[in-house]
Amino acid sequence: PFPLRTAMCVRKCSQIVGPCLLVLGTLAVAANILLLFPGGTSKYLLEGHISKHAKAVPAAFSFPQVLLAATHITALGWQCSGCSGCATRPNAFISAVLSKLALLGAAACFIFSGVGLTNGPLCFYNTSEHGALWDYPFLDRSILHLLPSLSHRAENYLYNRHTWSICLEPEGIVAWNVVLFSLLLLVSMAEMVLASIQILNGFLGCLCGFCEGK
């Protein structure tokens, strides 16, 4: 019957979504930690020469919520595998609520990571007016990129890798920044998709349960 098939799908979906969220949350934290150690060294963190967007630790906005939701979803999916009478409908509702929190956290991580990627890294570079200093050399170009006119796209450092060499220290910081913030963007997007799926899945679980043996 239809309710039985729905319950089976709901349970199996939880068994997949939960572990995936755990992996993604861990990956986001790892990427954020690497942002604090350009080139794998702690020198710039100790000196305070780390981008404010990296210091904001975007992954921290999503990891607690994602971890909590993923743990609950995973436990619920496998606990109800044999129809153990685990009050699945109330737990399904809780999983939907936790998934909403995970969705909000992932959205915050996405926004902060996008700002960090758009504004570019903090680095040591030479300027014609003030000489060598620590600042955000790509910030003004990034602001232009946000304007509606597509003619400004060439001004953005993401579209012109030849400008990356302007940063003298940390070595390779632009590529480091781009790769890791891009990874955070992709991870947070995937988290939002999975959390949205689990919200729907949780509400279906409220209606049909998780246990096909009932």
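All residue numbers in this chain count up from 1 along the given sequence.
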Linked, directly or transitively: Leu21 and Leu104 (ILVMFWY side chains, under 4.5 Å): no

Interatomic spacing from CG in Leu22 to OG1 in Thr74 - rounded to 0.5 Å: 5.0 Å

Transitive ILVMFWY side-chain link Ile111 to Leu117, under 4.5 Å: no

Atom pair CG/CG of Asn177 and Leu122 - distance to nearest 0.5 Å: 10.0 Å

same_hphob_cluster(Ile199, Leu98) at 4.5 Å side-chain heavy-atom cutoff: no

Can you give the donor-acceptor pairs under 3.5 Å from side chains of residues 56-71 to other protein atoms, not counting sequence neighbours?
from	atom 1	to	atom 2	distance (Å)
Ser62	OG	Ala59	O	3.3
Gln65	NE2	Phe61	O	3.0
Thr71	OG1	Leu67	O	2.7

Same apolar cluster (I L V M F W Y, side chains within < 4.5 Å links), Leu133/Val174: yes

Considering all heavy atoms, the nearest Leu168-Ser165 contact: CD2-O, 4.4 Å

Do any side-chain atoms of residues 182-193 form donor-acceptor pairs under 3.5 angstrom with protein atoms, and if so which ones, sequence neighbours left out?
from	atom 1	to	atom 2	distance (Å)
Ser182	OG	Val178	O	2.6
Ser188	OG	Leu184	O	2.8
Ser188	OG	Leu185	O	2.9
Glu191	OE2	Gly25	N	3.4

Which atom of Asn160 lies closest to which atom of Thr163, heavy atoms considered: O-OG1, 2.7 Å

Mutual orientation of the aromatic rings belonging to Phe138 and Tyr157 [parallel < 30°, tilted 30-60°, perpendicular > 60°]: parallel

Separation of His53 NE2 from Tyr136 OH (nearest 0.5 Å): 5.5 Å

Parallel, tilted or perpendicular: rings of Trp134 and His49 (30°, 60°): parallel

Nearest heavy-atom neighbours spanning Gly48 and Lys55: O-NZ, 3.5 Å

Value rounded to 0.5 Å, distance of CG in Leu180 from CD1 in Ile33: 11.5 Å

Same cluster (ILVMFWY, side-chain, under 4.5 Å), Phe93 and Leu103: yes

Contacts of type side-chain hydrogen bond (donor to acceptor under 3.5 Å, both in side chains), residue Tyr125, not counting sequence neighbours: none

Nearest non-hydrogen partners of Ala54 and Phe181, listed with the distance: N-CZ, 4.0 Å

Nearest-0.5 Å distance, NZ of residue Lys43 to CD of residue Glu169: 5.0 Å

Criterion side chain to side chain contact (heavy atoms under 4.5 Å, CB included) on Ser51 and Leu35, from CA distance to verdict: CA-CA 9 Å; Ser51 165; Leu35 278 169; over 6 Å; no

Value rounded to 0.5 Å, distance of OH in Tyr44 from CD1 in Ile50: 9.0 Å

